[in-house]
Number of protein chains: 2
Amino acid sequence: MATRQQKKIQTRNTLIKAVLDLVDEGGSFSSISIREITKQAGVVPTSFYRHFESTDQLGLNIVDEIGITLRKIIRSARQADFSGHRMMQESVDLFFDFVQGHKEQFRFMEQGRAGGSRAIRNAVRNELRFFSRELMSDLERLKLIPDMSSADLEMISDLVITTVHSRIIDYLDDADNPIRQQELRHKVVKQLRILFMGTSLWRT
Amino acid sequence: MATRQQKKIQTRNTLIKAVLDLVDEGGSFSSISIREITKQAGVVPTSFYRHFESTDQLGLNIVDEIGITLRKIIRSARQADFSGHRMMQESVDLFFDFVQGHKEQFRFMEQGRAGGSRAIRNAVRNELRFFSRELMSDLERLKLIPDMSSADLEMISDLVITTVHSRIIDYLDDADNPIRQQELRHKVVKQLRILFMGTSLWRT
DNA sequence: AATATAAGAGTACAACTGTACACTGAAATT
DNA sequence: AATTTCAGTGTACAGTTGTACTCTTATATT
């Protein structure tokens, strides 16, 4: 049998998973009760407090997990080392494949960004900013956008991330319509192309 | 005194306003109860059902009101008839002034888009699509983007709307920091400039 | 003037909520 | 081997929830 510490971590993960499952089933994080969570996790209500002092605290931990997923996306993209004219399509596909593979996390992120508590909104914002900064450093490193100040590069990275992440909800809501999902990916690619073309004409 | 019909409409509006007030105070629509709403509205809980069969129904009515606000934005922009190199800045300012003036509505919209019920998410999506289509027809009418197919124009309008509306939450969360709000407006203007520059190089 | 209508008030209740408290038993420490 | 620790259980309770029901009374209809 496992050690006490291991078992605790296990239950903790079960609680987090319970929330993500409930969100995936269509629930809204802000209206999920401690009792629903513990029921879903197969644990008694009061046990919750052995791990989190509030649902909000649990939510912040989920945001941390989302951060990990975002880092995985970045790592994958760097390893794949896309190049040439298919680079854009391949990057977008990589991103949405991750969204598909972690739909509960991304649904939670979008919910939290707009409708969570102040703390959760800020946490999500931070993760997105981090993601944007990583993109920025890749744009710099690979010299994908020559002759650009740091401030402008930051602004452009931000625009790219916004363009992509704004479509997450629409993408997930089309889960039963793969054709529309495909079109959506395609649309995003076009939008990013436009945007990158714009950078070549940009002068601060 | 007012007629029975007028009084009914009045209470109905009070209920809607109650929800928007609660959202403005930091509440999440999905977790607001009928009793909270009626309490805020100064009306007995059971009265709620004389007007709406569920909170979701009330929410859909709020989305309709948001639609009206969006139409006002469009009308204002057309009347103002911005032109020249300040056009972009003036349009963005117009938009964010409206956001400022209807913060409860816009907060509700962002919450609903990501965390509402399926019905509410779809309703919000529809309003945003409408908004995007109106922009598209203006781009066409004013020939702001020459030599562009309808499909591409639609895709570009969508990108513009996304870029602007994605910043609503960030903007409202900086309510206590007007300098940051100003910077945010400025950033959006730059992003739109890049994007429009991109369109001039675009070939399907 | 007599009657019908219907918006809002009041009452009631079962289901659910967060959380305080004492308990259990297996794992960790001594 | 004896003791301590502590994750998870069980019980309890006051507050909140949605909603069915009846009642009131001002307005509308006749």
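Everything numeric here is computed off the predicted structure, so don't read it as measured data.
A search for salt bridge (Lys or Arg N to Asp or Glu O under 4.0 Å) contacts involving B:Arg113 returns A:Asp170, not counting sequence neighbours. Residues satisfying the side chain to side chain donor-acceptor pair (under 3.5 Å) test with A:Ser30, not counting sequence neighbours, are B:Ser30. Residues forming a salt bridge (Lys or Arg N to Asp or Glu O under 4.0 Å) with A:Asp64 (at least two apart in sequence, or on another chain): none. Applying the side chain to side chain donor-acceptor pair (under 3.5 Å) criterion to B:Ser28, with sequence neighbours excluded, gives no partner residue. Every residue two or more places apart in sequence or in another chain was checked for a ring pair (Phe, Tyr, Trp, His ring centres under 6.0 Å) with B:Phe196, and none qualifies.
Here ring-ring contact (aromatic ring centres under 6.0 Å, His included) pairs that include residues 19-65 of chain B, with residues two or more places apart or in two chains, are B:Phe29-B:Phe108, B:Phe48-B:Phe52. Evaluation of the salt bridge (charged side-chain N to carboxylate O under 4.0 Å, His left out) test over residues 18-28 of chain B, restricted to residues two or more places apart or in two chains, returns B:Lys17-B:Asp21, B:Asp24-B:Lys103.
The nearest heavy atom of DNA chain D to B:Tyr49 and to B:Gln5 marks one nucleotide each, and the one closer to the 5' end goes with B:Tyr49.
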Tabulate below the donor-acceptor pairs under 3.5 Å that side-chain atoms of residues 85-99 of chain A make, not counting sequence neighbours, or state none.
unit_1, atom_1, unit_2, atom_2, d
A:Gln89, NE2, A:Asp93, OD1, 3.4
A:Gln89, NE2, A:Asp93, OD2, 3.2
A:Ser91, OG, A:Met87, O, 2.9
A:Asp93, OD1, A:Arg185, NH1, 2.9
A:Asp97, OD1, A:Arg185, NH1, 3.1
A:Asp97, OD1, A:Arg185, NH2, 2.8

Can you give me every donor-acceptor pair (side chain of residues 34-46 of chain B, partner residue at least two apart or in another chain, under 3.5 Å) with its distance?
unit_1, atom_1, unit_2, atom_2, d
B:Glu36, OE1, B:Ser33, N, 3.1
B:Thr38, OG1, B:Ile34, O, 3.1
B:Thr38, OG1, B:Arg35, O, 3.1

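Taking atom CD1 of A:Ile37 as the reference point, atom C1' of C:dT19 lies 14 Å away to the nearest angstrom. Note: CD (B:Gln57) to P (D:dG18) measures 16 Å, nearest angstrom. If you measure from atom CG of B:Leu15 to atom P of C:dA7, you get 13 Å, rounded to the nearest angstrom. We find that NZ of B:Lys39 is positioned 15 Å from P of C:dA9, with the value rounded to whole Å. The nearest whole Å value for the distance from the CZ atom in B:Phe52 to the C1' atom in C:dA7 is 14 Å. Whole-Å rounding puts the B:Phe48 CZ to C:dA9 P distance at 15 Å. At whole-Å resolution of the value, CD in A:Gln6 and P in C:dA26 are 18 Å apart. The CG-P distance, from B:Asn13 to C:dA7, rounds to 15 Å in whole Å.
A side-chain donor from one of B:Thr69 and B:Gln105 sits under 3.5 Å from a side-chain acceptor of the other.
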When you compare the protein's N or O atoms with those of nucleotides 8-12 of chain D, which come within less than 3.5 Å of each other, and at what distance?
unit_1, atom_1, unit_2, atom_2, d
D:dG8, OP1, A:Thr11, OG1, 2.1
D:dG8, OP2, A:His51, NE2, 2.6
D:dG8, N7, A:Arg50, NE, 2.7
D:dG8, N7, A:Arg50, NH2, 3.1
D:dG8, O6, A:Arg50, NH2, 2.3
D:dT9, OP2, A:Val44, N, 3.1
D:dG10, O6, A:Thr46, OG1, 2.9

Between protein and nucleotides 1-4 of chain C, what N or O pairs are separated by less than 3.5 Å?
none

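Between the side chain of A:Arg118 and the backbone N or O of B:Asp173 there is at least one donor-acceptor pair closer than 3.5 Å.
Near-neighbour residues of DNA chain D inside residues 20-29 of chain A, defined by a heavy atom below 4.0 Å, are absent.
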